Number of protein chains: 2
Amino acid sequence: MNEGDGHAGYALVVDDHPLVMRGVAGYLSSHCGYAWVHCAAGGAECLAWIARHGQPELVIVDFWLADGSALDLLKTLSAARAAANVLVMSGDDGVGIASQVRAAGARGFIHKNDPPETFARAVRAVRRGKTWFTDADGQAAAPGRGRHPLQVSPVDLGLTRRQGEVLAMMLRGLPNKRIASALNVTEQTVKEHITAILQRLGVSNRIEVITLLHGRALRL
Amino acid sequence: MNEGDGHAGYALVVDDHPLVMRGVAGYLSSHCGYAWVHCAAGGAECLAWIARHGQPELVIVDFWLADGSALDLLKTLSAARAAANVLVMSGDDGVGIASQVRAAGARGFIHKNDPPETFARAVRAVRRGKTWFTDADGQAAAPGRGRHPLQVSPVDLGLTRRQGEVLAMMLRGLPNKRIASALNVTEQTVKEHITAILQRLGVSNRIEVITLLHGRALRL
DNA sequence: ACGAAAACCCTACCACGGTAGGGTGGTCGA
DNA sequence: TCGACCACCCTACCGTGGTAGGGTTTTCGT
C-alpha cells in the first residue's frame, strides 16, 4: 500500500475531542503513512509543542476549538513559518468556513462527514504541495452522503463462517493457540483457516490483515 | 475465559462523522470488550439496523445528527423497547442537554471532551444497569480540561528517539527487514530496539503492540 | 575526566507463523 | 449417487520474530 518512507516528518492533530483525536491520529498513522503523530488539545498546546519539537509536516486542526476558533491558530502558524501544511477539519456546514480558512493560510479543508477515503486523498494532496478545498465554497456541501464500508461482513469478503470467526479473533490480536483453544480445534486447523483468509485478502501476514482492516467493525 | 467476548451482545455507534465513528468504535472494541461494534450514520439507519438485527446491548449516539437531534431517536428507541442502554455523546456544552437526554430515556451522557477513561467508565456503568450523568446538569461542564495521554509520543512513553522511530514503523505493519533497511541498520539492531520497546510497554509481541496502540484489545 | 546510556554490531538459539501436501467425515444440491 | 465444499486432523519444512549474551563507539551530564 502506501509508501511514505522513513523519516518524513510528523503529523500534528489539534482537536479537543480525545476520541476524535484518537480516530484521526490512528487513521493518519495507518493509512497515510505517518510515522509519528502527536496530538494537542488546543491552539496553545499546539504552538508549545511546535516550539519545543520541530515543525510538523502536516497539521490537522479542528475548526472549533475550546480556546477560540482555529483561525487564530492558523494565522499564528502562517505568520511564524508558512511552511507547514495545515488541513482544517470541521463538523458543521457553516458557510464560508472554507474560504475563511483558506484566507487564513490553510492548505486544505475537509468535512468530518467526508468518508475516510476523501480524508486520505486530502492528506495526500496537501502533502504534495497541492491544496484541497472540495466544494468551491459556494456549492454548499452537497448533502449527498458519502457512505462507505466501515463495517465489513466476512461473507461479502468471500470468507466462510468459520473463517470469519477466526478473522475476528485474529483482529483482536490473539495468537493461534488461543484461537484454537477458544474454538476447540487444533492450532493446525486455525493455521489453515488463516492461510485461506490471507490469500483471499491478498496479504501475506496477519499483521497486514490487522493494519488493513483495523478500525472497521466485523459483522459476523 | 474473559468477560463478554463471544456472544455478549453488540454495540451500536450512531454518528455522522466517519472518523469519530471510527474512533469510538475502535475504542469500544479495544477497551470495553465489545466483540462486535456496528456503526450507523444516522437515526434512520440505526433503527433500520436494529429492526433487521437484534437489539444491541449498548447504543452510543452523537447528540447532533444530520437528521435532527438525537432526541427523536432516543424517544423512538425508548418507546419501542426500553431495554437498550443508550449513551449520548455531545461535543458542545449546551445547557440542559444532559437533562433533556435523560428525560428522553438515555442511560447516560458524556462529553466528547472527556478523556477516554471517563468514556470507558461511563460505558461500564451503563452496562451494569447504572446511569452516568457526570455534571448534575447545573454544574455546567467544568472547563478544567481533562487532558490525558492517549497518543503515541514516544518520549513520554519512556522510549528513546530511535525506539520511537522503530515503534512507528512497527505500528505501520512493516517487518523487521524493511525497518532495518529504512533505517540503514542491521535487522539485529532493529530486533534489539523492538525487544526494548516490548518490555517497556509490557507486551510480548509486535501484534500486541499494534492492537494496543491502535485500538484492538487483547485482553488475555 | 568519568560513567551511564544510547546506538550499533555479532553469533546463536528457539518459538511462532505460514506453507505444502497429504487425509477423514459431513452436508448440500444437482 | 456423485461431486463440491467445508471443517477438521496430521507431518514436515522454513522464514521471521524475539531473547540471550557477548562487544564497540559516541554522546551527554555531573
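Protein chains get the first letters and strands the later ones, always in sequence-line order, with residue 1 at the start of each. This one's a predicted model, so the numbers in the text were calculated from it and none came from an experiment.
Here the P atom of nucleotide dT19(C) and the CD1 atom of I197(A) are 11 Å apart, to the nearest Å. The distance between atom CE of M169(A) and atom P of dG17(C), rounded to the nearest whole Å, is 15 Å. Taking atom CG of N184(B) as the reference point, atom C1' of dC8(C) lies 13 Å away to the nearest angstrom. With rounding to whole Å, I207(B) atom CD1 is found 12 Å from dG17(D) atom P. Atom CD in E165(A) sits about 11 Å away from atom C1' in dA7(D), given to the nearest Å. The distance between atom CG of L174(B) and atom C1' of dT16(D), rounded to the nearest whole Å, is 15 Å. Here dG18(C) presents its C1' atom at 12 Å from CE of M170(A), a figure rounded to the nearest Å. For the pair I194(A) CD1 and dA20(C) P, the computed distance is 15 Å after rounding to whole Å.
Residue order along DNA chain C, read from the 5' end via each residue's closest nucleotide, puts K177(A) first among K177(A) and Q199(A). When each of L183(A) and E192(B) is assigned the nucleotide of DNA chain D with its nearest heavy atom, L183(A) is the one assigned upstream, toward the 5' end.
Comparing dG17(D), dA7(D), dG18(C) against the side chain of R206(B) picks out dG17(D) as the nearest. Nearest nucleotide to the T189(A) side chain, out of dC8(D), dG17(C), dG18(D): dC8(D). Across dG17(C), dA20(D), dT11(D), the shortest atom-to-atom separation from the side chain of Q188(A) is found for dT11(D). Listed candidates were dA7(C), dC8(C), dC9(D). Nearest to the side chain of V185(B) is dC8(C). Of the candidate nucleotides dG18(D), dC8(D), dC9(C), dC8(D) has the atom nearest to the side chain of R162(A). Distance from the side chain of K191(A) is smallest for dG18(C) among the nucleotides dC10(C), dA7(D), dG18(C).
Looking at D15(B) and V24(B), their side chains never come closer than 4.5 Å, going by heavy atoms from C-beta outward. The shortest distance between side-chain heavy atoms of H193(A) and L167(A) does not fall below 4.5 Å. Side chains of R206(A) and I194(A) form a contact here, defined as non-hydrogen atoms less than 4.5 Å apart. Residues H38(B) and V13(B) are not in side-chain contact: their nearest non-hydrogen atoms beyond the backbone lie 4.5 Å or more apart.
Looking at every heavy atom in both residues, S90(A) comes nearest to D62(A) through CA-OD1, 4.3 Å.
Contact between the side-chain N/O atoms of H193(B) and the OP1/OP2 oxygens of dA6(C) is not found at any separation under 4.0 Å. Considering only side-chain N and O atoms, N176(A) lies nowhere under 4.0 angstrom from the phosphate OP1 or OP2 of dC16(C). For T160(A), a side-chain nitrogen or oxygen approaches OP1 or OP2 of dA7(D) to under 4.0 Å. Between S204(B) and dG18(D), a side-chain N or O to OP1/OP2 separation shorter than 4.0 Å is absent.
Backbone-only contact: E187(A) has heavy atoms under 4.0 Å from sugar-phosphate atoms and none from a base. Within the 4.0 angstrom heavy-atom criterion, base atoms lie near T195(A).
A side-chain N or O of S204(B) and one of E208(B) form a donor-acceptor pair less than 3.5 Å apart.
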